[in-house]
Number of protein chains: 2
Amino acid sequence: MTIKQVAEQAGVSTASVSYVLSGRSGSPDGNGGVAKATAERIREVAGRLGYSPDRAARKIRTGRTETILLSLTMLSDPWALGVIEAVQRRAMPLGITPMILADADWASVLRGHDADAVFIDAASPGKQPELEAFAGQGKRLVVFQEELPAAGFDVIRSLAGPGCVLAMQHLLGKHREIAILTTERSRNNSDPARFQPYVDGLAAAGIPLRNNFIATFDRSPASAYAAAMRLLDRADRPSAIYATTDFAAMSAVNAAQRLGLRIGTDLDVVGVGNTEEGERMAPSLTSVGPEGFFDAVAELLVRRAQGDDSPARVIDFPWKIFVRESAP
Amino acid sequence: MTIKQVAEQAGVSTASVSYVLSGRSGSPDGNGGVAKATAERIREVAGRLGYSPDRAARKIRTGRTETILLSLTMLSDPWALGVIEAVQRRAMPLGITPMILADADWASVLRGHDADAVFIDAASPGKQPELEAFAGQGKRLVVFQEELPAAGFDVIRSLAGPGCVLAMQHLLGKHREIAILTTERSRNNSDPARFQPYVDGLAAAGIPLRNNFIATFDRSPASAYAAAMRLLDRADRPSAIYATTDFAAMSAVNAAQRLGLRIGTDLDVVGVGNTEEGERMAPSLTSVGPEGFFDAVAELLVRRAQGDDSPARVIDFPWKIFVRESAP
DNA sequence: CTGTTAGCGCGTTCAC
DNA sequence: GTGAACGCGCTAACAG
């Protein structure tokens with residue numbers, strides 16, 4: 001089905017078909033200077049033949065793909081679902097399709113695939129040159145990262161640092177045996193916002209750092225569960241766990257329950273991210289997080305996808321603590 | 001960065017650049033009849049300029065996008081993650097990028113976006129004409145569905161029916177108060193494979209069907225959780241729950257635990273799908289499911305994406321029951 | 001006001 | 001190793 005076949009069937013030129021179906025240019029009736037009757041006939045034929053323009057061909061001329069790419073590292077994380085859902089809701093009504101790239105190397109994919117806007121949820125600060133290069137090629141990026149400047153691409157961040165301080169303060173009000181469940185990356189301080197508050201919080205309370213109270217996991221729920229088990233399945237287990245993501249906190253709760261520990265009594269757990277899933281689980285999860293974050297991401301992406309050319313910005317979100325059953 | 005700029009810089013024609021960089025056609029050295037030295041120079045220039053071909057332009061000529069589209073209805077379902085992970089693993093090494101379409105109307109997206117192969121995880125039988133139309137346009141579809149014939153598109157199914165019979169038999173060995181947690185769609189018998197075994201199983205055991213032992217949920221985990229609560233939070237609660245997905249079963253376990261019920265003692269829960277998450281949760285989930293399913297899906301998709309033109313097939317997977325703690 | 005002609009953009013590939 | 005046509009849709013310029 002090409003535009004040419006539609007034009008033939010309708011007895012007009014391809015130009016007329018294009019004008020009518022893309023609704024661009026010319027008169028405000030949306031027919032681009034084509035008589036109403038003709039426009040109607042064209043639409044009828046296009047409908048009958050099931051024609052719809054080849055996006056690739058269109059892209060070559062217009063530079064637009066009507067697409068937003070979401071590069072998400074950990075799809076199993078409710079955080080990712082939050083992003084997807086918000087973007088979906090905002091973009092679909094405008095005819096923009098959100099495509100998800102799971103846990104892949106965004107750099108290599110971005111090289112070839114062109115979306116009108118791209119969201120990247122995990123870029124180490126070292127990738128800044130690469131990101132700048134893409135931005136220089138005219139790709140519109142929105143990067144979720146806590147340390148990068150807005151060097152040609154938007155940076156959206158949510159100040160996890162102060163938020164995590166709140167989480168630790170909450171636990172320190174009742175506990176001294178506090179373990180941390182975090183990612184390897186975080187632990188190496190390539191992402192200090194979530195790890196440092198643990199160290200500083202203990203130090204401020206005069207509690208020494210214990211190596212066997214530090215457990216790390218990689219991106220799979222399985223490994224978070226195993227890491228939590230390592231912390232809990234022994235005599236000198238901690239009385240509280242500070243988990244650097246909600247999903248890890250949920251795994252910790254599962255592990256604790258498996259061991260017969262009562263959450264909120266034998267063990268307090270605090271997560272980071274304040275996801276809906278955490279709020280809903282039993283027991284509900286105490287967590288720190290931003291408010292309105294997903295909608296802001298969606299809003300920004302859609303604006304950029306529609307060609308907003310204003311200077312790149314850094315957008316911050318304040319965090320607060322949501323106290324629930326897992327750490328009363 | 002276009003092919004023309006690379007050609008200029010290297011002092012050759014665009015044809016030579018294309019031959020070298022796409023590695024197609026002609027001589028087996030992969031240079032398409034371009035001298036080694038020239039090929040080297042071209043590669044060097046392309047690398048220096050950071051060139052990479054525009055996929056849209058390439059698609060217009062070759063008809064290939066090097067892309068597989070996965071239309072997945074419920075990303076939060078571990079089942080979806082299983083599909084993604086398997087396809088990722090199989091496709092990436094071949095330079096094929098899997099793109100995910102979350103919970104969207106595949107029909108409208110498919111109209112415009114062209115992937116080399118498309119996986120659709122939820123198509124009601126009524127959509128057959130639409131699917132056939134797409135297949136007729138040369139789109140390669142793989143549909144996960146239990147009733148459709150292979151009408152121009154591949155159908156992969158896993159005989160949930162017999163599997164669910166196993167699940168019910170397992171519960172009927174110990175219980176008479178068995179509730180079902182299922183989707184609205186399933187209940188209307190638009191997907192009888194998972195619902196009918198419940199009805200038939202009870203009938204065969206001479207147990208009357210009770211309307212208040214039937215609870216339905218839609219695609220969100222929240223609603224599965226709420227549905228489970230409706231079943232459990234009352235005096236005449238069932239002693240076992242047959243959930244038509246693993247993710248619903250997990251929600252039921254959470255709900256039961258919140259109510260203080262002991263899983264495997266006060267309440268048995270069986271899921272459908274046999275997901276890794278279910279296996280890992282505490283208590284581990286008894287479930288029925290196929291073996292090797294994800295890899296088969298990935299294998300088929302990749303073959304189709306690479307142009308396999310053999311007749312469309314229906315592929316079946318036998319199911320078995322995996323007995324674990326949630327229903328010993 | 002209605003419609004067409006023709007060239008563009010980019011990578012591929014046939015014929016020389 | 002190259003020239004040039006090709007595929008598809010968009011749109012400026014032009015003609016009735």
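Naming: A, B, ... by sequence-line order, numbering from 1 per chain. Side chains are part of it too, since the values below use all heavy atoms of this structure and drop only hydrogens, waters and symmetry mates.
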Residue [X], side-chain atoms from C-beta onward, closest of [options]:
| X | options | answer |
| --- | --- | --- |
| A/Ala15 | D/dG9, D/dT11, C/dG11 | D/dT11 |
| A/Tyr19 | D/dG9, D/dG7, D/dA13 | D/dA13 |
| A/Thr38 | D/dG9, C/dA15, C/dG3 | C/dG3 |
| A/Ile60 | D/dG1, C/dG9, C/dG3 | C/dG9 |
| A/Ser13 | D/dT2, C/dG11, C/dT5 | C/dT5 |
| B/Ala35 | C/dT2, D/dG1, C/dT4 | D/dG1 |
| A/Ile3 | C/dG11, D/dG1, D/dC10 | D/dC10 |
| A/Asp54 | C/dG3, C/dT13, D/dG9 | D/dG9 |

Euclidean distance, atom [atom1] of residue [X] to atom [atom2] of [N] [Å, nearest integer]:
| X | N | atom1 | atom2 | answer |
| --- | --- | --- | --- | --- |
| A/Lys4 | C/dA6 | NZ | P | 14 Å |
| A/Arg64 | D/dG9 | CZ | P | 19 Å |
| A/Lys59 | C/dG11 | NZ | P | 9 Å |
| A/Ile42 | D/dG9 | CD1 | P | 14 Å |
| B/His113 | D/dC8 | NE2 | C1' | 16 Å |
| A/Tyr51 | D/dC10 | OH | P | 6 Å |
| B/Leu21 | D/dG1 | CG | P | 14 Å |

Next on the checklist: Is the ring pair A/Phe293/A/Phe317 parallel, tilted or perpendicular, if the boundaries are 30 and 60 degrees?
Outcome noted: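 Perpendicular, since the angle between the ring planes exceeds 60°.
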Next on the checklist: Classify the ring geometry of A/Phe144 against A/Trp79: parallel below 30°, tilted from 30° to 60°, perpendicular beyond 60°.
Outcome noted: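 Rings of A/Phe144 and A/Trp79: tilted, as their planes differ by 30° to 60°.
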Checklist entry - Quick one: does A/Arg48's side chain get under 4.5 Å of A/Val45's, heavy atoms only? => result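 Of all side-chain heavy-atom pairs linking A/Val45 with A/Arg48, at least one is under 4.5 Å.
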Checklist entry - Just by modelled atom types, is the B/Asp114 backbone N or O under 3.5 Å from a matching donor or acceptor in the B/Thr65 side chain? => result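 The answer is yes, because a donor-acceptor pair under 3.5 Å joins these two groups.
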Checklist entry - Between the base of D/dC10 and the side chain of A/Arg58, is there any donor-acceptor pair under 3.5 Å? => result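 Such a pair does not exist between side chain and base.
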Checklist entry - Going through the checks in order, is the side-chain contact (heavy atoms from CB on, under 4.5 Å) test met by A/Asp116 and A/Ile96? => result CA-CA 9 Å; A/Asp116 297 342; A/Ile96 299 173; 5.6 Å; no
Checklist entry - Want to settle it: does B/Arg61 or A/Ser52 sit nearer the 5' end of DNA chain D, counting the closest nucleotide to each? => result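 Whichever sits nearer the 5' end wins; that is B/Arg61.
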Checklist entry - In terms of the nearest nucleotide of DNA chain D, which residue is placed more toward the 5' end: A/Thr14 or B/Arg41? => result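 The residue whose closest nucleotide sits nearer the 5' end is B/Arg41.
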Checklist entry - Would you say C/dT4 has OP1 or OP2 under 4.0 Å from some side-chain N or O of A/Ser16? => result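 Result: yes.
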Checklist entry - So what does B/Val12 touch, heavy atoms closer than 4.0 Å: a base, only the sugar-phosphate, or nothing? => result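 Sugar-phosphate contact only.
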